[in-house]
Enquirer: 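Submitted below is the structure of interest, expressed as structure tokens.
Just so we're on the same page: letters track the sequence lines, and every chain starts at 1. Keep in mind the model is a prediction, meaning the values are calculated, not measured.
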4 protein chains.
Amino acid sequence: MSPRTPQQFENIRTEKKQIIMDAALEVFAQKSYHGASISQIAKVAGVSKGLMYNYFKNKEALISELLIVQFNRIFDSHKININNIDDHELVLFIEKSFSLLDENPEFWKLLFGLTMQTEVLEIIMPQMEKVLEPFLVGFTKYFASKGFDNPIAETQFFWGIMDGLSMDYITMGLPKEYCIQRIKDIYKID
Amino acid sequence: MSPRTPQQFENIRTEKKQIIMDAALEVFAQKSYHGASISQIAKVAGVSKGLMYNYFKNKEALISELLIVQFNRIFDSHKININNIDDHELVLFIEKSFSLLDENPEFWKLLFGLTMQTEVLEIIMPQMEKVLEPFLVGFTKYFASKGFDNPIAETQFFWGIMDGLSMDYITMGLPKEYCIQRIKDIYKID
Amino acid sequence: MSPRTPQQFENIRTEKKQIIMDAALEVFAQKSYHGASISQIAKVAGVSKGLMYNYFKNKEALISELLIVQFNRIFDSHKININNIDDHELVLFIEKSFSLLDENPEFWKLLFGLTMQTEVLEIIMPQMEKVLEPFLVGFTKYFASKGFDNPIAETQFFWGIMDGLSMDYITMGLPKEYCIQRIKDIYKID
Amino acid sequence: MSPRTPQQFENIRTEKKQIIMDAALEVFAQKSYHGASISQIAKVAGVSKGLMYNYFKNKEALISELLIVQFNRIFDSHKININNIDDHELVLFIEKSFSLLDENPEFWKLLFGLTMQTEVLEIIMPQMEKVLEPFLVGFTKYFASKGFDNPIAETQFFWGIMDGLSMDYITMGLPKEYCIQRIKDIYKID
DNA sequence: GATGAATGAGAGTTCATTCAT
DNA sequence: CATGAATGAACTCTCATTCAT
């Protein structure tokens, strides 16, 4: 009978928002941005279409917030010392990357799917770049220390390899251990 | 003014169809499958909406036929001797792969974009697999001959690398020559 | 902390209701009936959406009650002796009319805006007519006493003039003194 | 069997557009801008909702085009010599004004209803002002020639009177002849 | 072969209203 | 008395598809 406290409302919002974002990730990953509808997401989340707009201003804000939250969560979980990468840290990074694919394949499917859609991607580009930048700088330093003549190009090359392996791992299931070993070979680690 | 022969009609059909497919590729690549509309494609092709359905049963048939035609054209253009790949042929394959990206970036953007959308992709999956199969077999033979313990896994690894470099090359412009050299290094070619 | 008496509750109700109605008037005047939303009004009033329905059965009841209250308030403030209008009282009426426009332009904007929307207007028509009737009767008597052959028609004519001047005064700012003087001219007063 | 000519398409468009605009005028007049829905208008016009957007970019464009067309049509039909108004022409203007109300009450209902809604009105304000300007200038000259000390104010006063009488004429049916005569009295014509 | 008017389903979005607390 | 989460209907608008010509 007594009215809910602000704290109670806050809790409801937090939980419900999470439920909606989980549903959105699932549906967006399956159908990509334009192919997914708010109705479908609402149905998966078990809420009414109208409620979606109580939590997110519009479809764009939904995917945007979703991507940013996931993106931060994932790159925060890389515990490597970005400013001082050595062989050991590189291996950790690679292993962690693969295990992140296992943990959250939906997100990666979505992200790789969006990579080709400039229009949608540019919504979160600034945020993404901010998060990625330190990694790229760290890797460049690492490759320089390994004696690469063109450490920037090598970073791009390494990143490209990781992208491709990640993508194919999700869609077709590459042999994870084999791939990790091969990368170690390439960089003469162990 | 003179009545057209059946052959002439056939030619007109073939040419118009090509015009429409070119327009479709352009628009699909830009906006992805669900984001592109038949109207837009018709406008780019310079034909009426109605005519689109004279040549293609529906939107799905349009993208399907488009992808298959392009896919065949592209893999046909790999002139390597698939059944007997050697170091030299591998290098040719890699170089040709990059030059195909330059020739037809639209198509690759579209294809990579669709890779994550099961729903759309499975339309052309069977056809794609039929075309890819011989390549995978050929590479497996090659890697076996190079002494790899697990040539199937190595083929997947190689394919993954190529996918990633291709994707990043299109979207962000990797240094092509550097990447090619690095692959040669990896396989100790030259 | 001490329990509130029924009288205190009643006072709270009355005050809150007034706050809501003030907010409603503001928003309705700006956006018209259909263009205004309960949420907006609640926000302006500084109360929750839910509370709105504690005080008013629904949106229609809100505007209806609002209009009636304002309407009564305004016509009550005409202190003229309705049953015995003379030249002096007419001038007072006209001057008071203009000053009411200045005091509460929001209300008049709303009222004139609704005048053309039968659907909304008929909600308060009966009440309005009850309030207006005595004025019309009074003016008719006055115009009859002034020697007009068709005092009813003259009342309508006078009323129409006042409507038009009021409307244009609110929307475009006519020169008030000039208009008042011109009406005095027309009726040969002073 | 032969395809329609561009002329035939043109004719279809012109006729259908007129049907839709007639329906729109009817519904907008009854319910005002925000209260009227595209669905309702489509139903009255006897077309599908979708077709509405083949003819008008959106709701705003519909009312805008509608108002401008009607506005021009109406003010074009005033055949008075705007640059040289005399007593006779003034009477013609007044009589014509009333007969226009009879001919097209829907439009006037809509226009007066919108007068209070800045937001909607400003869509067509520039166009309206362009049409009205010459009339206001003409009347000002006329009142100056009649010896009014403040002919601009008199024009505003006259316009206000006409607005009010028009509005009340539409909504409540003033006695037309009586009103016309009274205006003649005011300006000492005949 | 070719056109574009026309449809209808469904997209994104808003909002009056209800209700558990 | 008071809150805001939740709903569902209705809104504006889009688009694949059909069809008369």
Enquirer: To the nearest 0.5 Å, tell me how far K31(D) NZ sits from H34(C) NE2.
Expert: 7.5 Å
Enquirer: Look at R13(D) and dG4(E) and indicate whether a side-chain polar atom (N or O) is within less than 4.0 Å of OP1 or OP2.
Expert: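 Negative; the distance criterion is not met.
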Enquirer: I need the single residue from I19(C), V27(C), I20(C) that forms a side-chain contact (heavy atoms from CB on, under 4.5 Å) with V44(C). Which is it?
Expert: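 Among I19(C), V27(C), I20(C), the one that satisfies the side-chain contact (heavy atoms from CB on, under 4.5 Å) with V44(C) is V27(C).
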Enquirer: So which nucleotide from dG12(E), dA2(E), dA11(E) ends up closest to the side chain of Q40(A)?
Expert: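 Between dG12(E), dA2(E), dA11(E), the one nearest the side chain of Q40(A) would be dA11(E).
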Enquirer: Please give, in whole Å, the distance from dT7(F) P to I38(A) CD1?
Expert: 15 Å
Enquirer: What integer distance in Å separates Y33(C):OH from dC15(E):C1'?
Expert: 12 Å
Enquirer: Both distances below 3.5 Å, Watson-Crick or wobble geometry, any strand: find the nucleotide opposite dT3(E).
Expert: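 Answer to the pairing question: dA20(F), which forms a Watson-Crick or G-U pair with dT3(E).
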Enquirer: Kindly indicate, with the supporting measurements, whether the criterion side chain to side chain contact (heavy atoms under 4.5 Å, CB included) is fulfilled by F71(B) and Q127(B).
Expert: CA-CA 9 Å; F71(B) 206 79; Q127(B) 179 64 21; 5.9 Å; no
Enquirer: Quick one: L62(A) CG to dT13(E) P, roughly how many Å, whole number?
Expert: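 Answer to the nearest Å: 10 Å.
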Enquirer: Nearest whole Å is fine: how far is dG1(E) C1' from E10(B) CD?
Expert: 13 Å
Enquirer: Distance check: side-chain N/O of Y53(B) vs OP1/OP2 of dT17(F), anything under 4.0 Å?
Expert: yes
Enquirer: In terms of side-chain heavy atoms of L51(C), which of dT3(E), dC1(F), dT18(E) is nearest?
Expert: dC1(F)
Enquirer: Grab the CD1-C1' distance between I41(D) and dC11(F) for me, whole Å please.
Expert: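 One finds 12 Å between C1' of dC11(F) and CD1 of I41(D), rounded.
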Enquirer: Could you tell me the separation between the CD atom of Q8(A) and the P atom of dA2(F), rounded to a whole number of Å?
Expert: 18 Å
Enquirer: The side chain of N54(D) is closest to which nucleotide in this list: dA20(E), dT17(E), dA5(E)?
Expert: dA5(E)
Enquirer: Could you check whether atom CD of Q18(C) has more than 12 heavy atoms from other residues, nucleotides or ligands sitting under 6.0 Å from it?
Expert: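 More than 12 heavy atoms, drawn from other residues, nucleotides or ligands, come within 6.0 Å of this atom.
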Enquirer: Have a look at Y55(D) and say if it touches a base, only the backbone sugar-phosphate, or nothing, with a 4.0 Å heavy-atom cut-off.
Expert: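 Contact class for Y55(D): sugar-phosphate only.
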Enquirer: Given atom NZ of K57(B) and atom C1' of dA16(F), what is their separation to the nearest angstrom?
Expert: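 Going from NZ in K57(B) over to C1' in dA16(F) covers 12 Å.
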Enquirer: Describe the nucleic acid contact of A36(A) in one word from base, sugar-phosphate, nothing, applying a heavy-atom distance below 4.0 Å.
Expert: sugar-phosphate
Enquirer: Heavy atoms from C-beta onward define the side chain here; which of dA6(E), dC11(F), dT13(E) lies closest to that of S37(D)?
Expert: dC11(F)
Enquirer: Heavy atoms only, 4.0 Å cut-off, all strands: where does K49(D) land among base, sugar-phosphate and nothing?
Expert: base
Enquirer: Roughly how far, to the nearest 0.5 Å, is the CG atom of L66(D) from the CZ atom of F56(D)?
Expert: 8.0 Å
Enquirer: Kindly point out which of dA5(E), dA11(E), dT3(E) is positioned nearest to the side chain of S48(B)?
Expert: dT3(E)
Enquirer: I'd like to know if the side chain of K17(B) reaches the main chain of I12(B), judged simply by a donor and an acceptor atom lying under 3.5 Å from each other, with no hydrogens or angles considered.
Expert: no
Enquirer: Looking only at the side chain of K59(C) (C-beta and beyond, no hydrogens), which of the listed nucleotides dT21(E), dG12(E), dA16(E) gets closest?
Expert: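 Comparing dT21(E), dG12(E), dA16(E) against the side chain of K59(C), the answer is dA16(E).
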Enquirer: Name the closest nucleotide to the R4(A) side chain, picking from dT21(E), dC13(F), dC11(F).
Expert: dT21(E)
Enquirer: Expressed in angstrom and rounded to an integer, what is the separation of K43(D) atom NZ from dG8(E) atom P?
Expert: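 The answer, rounded to whole Å, is 12 Å.
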Enquirer: Relative to the 5' end of DNA chain F, which residue comes earlier, H34(D) or G35(B), by the nucleotide with the nearest heavy atom?
Expert: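 Nearer the 5' end of the strand: H34(D).
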